[in-house]
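Worksheet for the structure shown next.
Atom set for the values below is all heavy atoms of this structure, side chains included, hydrogens, waters and symmetry mates excluded.
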Amino acid sequence: MFSFKDKVTEKLSHLFANPPNSSSPQASSYSKEGKSSPSYLSYIIPSISFGGSKTSKQQHDPKPSQSDSVGYNYEKFEYQDVPLDKYVDCSPSCSSMDLLKDEIINEDQTSRRSSSSSEVFEEANGQQTPNSSKKSQPNLSDDSTFISPELFEFLESCLPNIVRGCQWVLLYSTLKHGVSLRTLIRKSAELSCPGLLIVGDMQGAVFGGLLDCPLKPTAKRKYQGTNQTFVFTTIYGQPRLFRPTGANRYYYMCLTDLLALGGGGNYALCLDEDLLTGTSGPCDTFGNLCLAHSPEFELKHVELWGFTHASPMQG
């Protein structure tokens, strides 16, 4: 079996068997030396030997000639010892396959990034949904001077179960019905249910309490009501509720010229017959603090709300 060198030499021998005449000095110098084609090829492709043998010229002449020293050092030429199976095939098909592989990888990474971004977008949407939802609007039959959505939710949670979730009906308002305690008492007879009294002072405090409707004035100072009665205020930053402590049963008092909640030391809230001024202080009934900015105050407005399961009533 022919060696690799012999095969290459044979192929190139046929190629250079009849080389064309050349007038270049280099070609003429090769012909003068009388090198045959194999020798000439051995000069061009030196030391391609898999057995590690040297050429005949190197065996007889250990010192390299000047022509041998020009260019590479052929005895130390690195590529001659590299096995053929270690060469990398850089054919166009190999490059195309590499490009195709890179394109597939890039598409997969892009798809993953897109999927991840979609999940983050959906997750972000899921996190924004509760925040974007609007608060439920108050279930009121009329506009209120005092009731905000936050205060409505607070008071709704404090109401007795029997009226919680019902329609709020405005029974009396100083803006609609004039300034008169007698009118307030008369309008309270439109519904038989707990009634929520809401008032405010000139400094912006909102306060009041729960009592029974219809209001029934008494000739003498006599307390009425049940332990469902309470008072509240917004003066302390957030709505604050005060329920009966059990110290007494002074829930509320209704006269033709006075309406008061609580007792024992002070009234928690007391309104005069003209509904222009009022007083507030700590009392034993609810264990409350002053509900207004000051113990004596001017009233801004007064509202009385009732509750019904039916459609809103016209005031």
Side-chain angles (χ1 to χ4, degrees), residues 138 140-160 163-164 166 168-177 179-181 183-185 187-188 191 193-215 223-244 250-254 258-263 266-273 275-283 285-307:
L140 307 179
S141 63
D142 294 272
D143 294 333
S144 172
T145 306
F146 306 114
I147 302 175
S148 64
E150 293 77 14
L151 182 58
F152 174 83
E153 291 180 2
F154 171 78
L155 294 174
E156 177 76 15
S157 66
C158 299
L159 293 175
V163 295
R164 191 175 300 174
C166 291
W168 288 39
V169 179
L170 183 61
L171 302 177
Y172 171 82
S173 169
T174 52
L175 294 178
K176 294 181 63 176
H177 305 103
V179 182
S180 171
L181 179 58
T183 305
L184 186 152
I185 295 173
K187 297 293 291 183
S188 70
L191 288 176
C193 65
L196 187 61
L197 179 70
I198 303 179
V199 302
D201 61 16
M202 294 299 182
Q203 286 72 39
V206 178
F207 47 96
L210 187 72
L211 35 75
D212 294 331
C213 290
L215 292 172
Y223 281 95
Q224 307 176 54
T226 67
N227 60 2
Q228 290 185 339
T229 307
F230 61 74
V231 294
F232 74 93
T233 182
T234 62
I235 194 175
Y236 301 106
Q238 294 180 347
R240 187 171 178 180
L241 192 77
F242 300 93
R243 293 190 182 275
Y250 303 158
Y251 300 121
Y252 73 89
M253 181 189 300
C254 181
L258 179 146
L259 178 62
L261 289 87
N266 299 282
Y267 296 126
L269 174 61
C270 181
L271 305 181
D272 295 333
E273 62 178 336
L275 297 183
L276 296 178
T277 60
T279 62
S280 176
C283 76
T285 306
F286 302 108
N288 62 282
L289 304 174
C290 181
L291 304 181
H293 280 97
S294 60
E296 297 182 359
F297 53 86
E298 292 184 23
L299 285 168
K300 183 176 182 180
H301 296 295
V302 177
E303 295 177 354
L304 179 64
W305 293 84
F307 308 94

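- The shortest distance between side-chain heavy atoms of Tyr251 and Asp212 does not fall below 4.5 Å.
- Residues that satisfy the side chain to side chain contact (heavy atoms under 4.5 Å, CB included) test with Leu241, not counting sequence neighbours, are Phe154, Cys158, Phe230, Phe232, Arg243.
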Under 3.5 Å, which donor-acceptor pairs do the side chains of residues 286-297 form with other protein atoms, sequence neighbours left out?
residue	atom	partner	partner atom	Å
Asn288	ND2	Gly281	O	3.1
His293	ND1	Asp201	OD2	3.1
Ser294	OG	Glu296	O	2.5

(request) Go through Leu196 and Leu210 one step at a time and tell me if the side chain to side chain contact (heavy atoms under 4.5 Å, CB included) criterion holds. (result) CA-CA 5 Å; Leu196 187 61; Leu210 187 72; 4.3 Å; yes

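- The SG atom of Cys270 lies 15.0 Å from the OH atom of Tyr252; values are rounded to the nearest 0.5 Å.
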(message) Applying side chain to side chain contact (heavy atoms under 4.5 Å, CB included) to Leu184 and Leu215, what does each step give before you reach the verdict?
(response) CA-CA 9 Å; Leu184 186 152; Leu215 292 172; 3.6 Å; yes

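- Atom SG of Cys193 and atom CG of Leu171 lie 7.0 Å apart (nearest 0.5 Å).
- Counting only residues at least two apart or in different chains, side-chain hydrogen bond (donor to acceptor under 3.5 Å, both in side chains) contacts with residues 225-238 are absent.
- The line from OG1 of Thr285 to CG of Leu261 is 9.5 Å long, rounded to the nearest 0.5 Å.
- The two residues Phe146 and Gly200 make their nearest non-hydrogen contact at CZ-N, 3.6 Å.
- In this structure, Lys176 NZ and Leu170 CG are separated by 5.5 Å, a value rounded to the nearest 0.5 Å.
- Between the CD atom of Glu156 and the CD atom of Glu153 there is a distance of 9.5 Å, given to the nearest 0.5 Å.
- Annotation for Ser280 and Ala268: closest pair OG-O, 2.7 Å, computed over non-hydrogen atoms.
- Taking CG of Leu299 as the reference point, atom CE of Met202 lies at 7.5 Å (rounded to 0.5 Å).
- Panel note: side chain Ser188, backbone Cys213; no donor-acceptor pair is recorded below 3.5 Å.
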(message) Is there a side chain to side chain contact (heavy atoms under 4.5 Å, CB included) between Trp168 and Ser144? Walk through the geometry before answering.
(response) CA-CA 11 Å; Trp168 288 39; Ser144 172; over 6 Å; no

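- Partners of Tyr267 under the side chain to side chain donor-acceptor pair (under 3.5 Å) rule, at least two apart in sequence or in another chain, are Arg221.
- Checking side-chain atoms of Asn266 against main-chain N and O of Cys283 turns up no donor-acceptor pair under 3.5 Å.
- The two residues Arg164 and Ser157 make their nearest non-hydrogen contact at NH2-O, 3.1 Å.
- Remark: Thr279 pairs with no residue by the side chain to side chain donor-acceptor pair (under 3.5 Å) rule, at least two apart or across chains.
- Heavy atoms only, all atoms of each residue included: Cys166 and Phe307 are closest at CB-CB, 4.0 Å.
- Of the candidates Leu304, Thr145, Leu155, Leu155 is the only one forming a side chain to side chain contact (heavy atoms under 4.5 Å, CB included) with Ile198.
- Looking at residues two or more places apart in sequence or on another chain, you find a ring pair (Phe, Tyr, Trp, His ring centres under 6.0 Å) between Tyr223 and Tyr250.
- Remark: side-chain polar atoms of Thr277 are not paired, donor with acceptor, to backbone N or O of Glu298 under 3.5 angstrom.
- Heavy atoms only, all atoms of each residue included: Tyr172 and Leu275 are closest at OH-CD1, 3.4 Å.
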(request) Assess whether side chain to side chain contact (heavy atoms under 4.5 Å, CB included) is satisfied between Val199 and Leu269, documenting all intermediate values. (result) CA-CA 10 Å; Val199 302; Leu269 174 61; 4.3 Å; yes

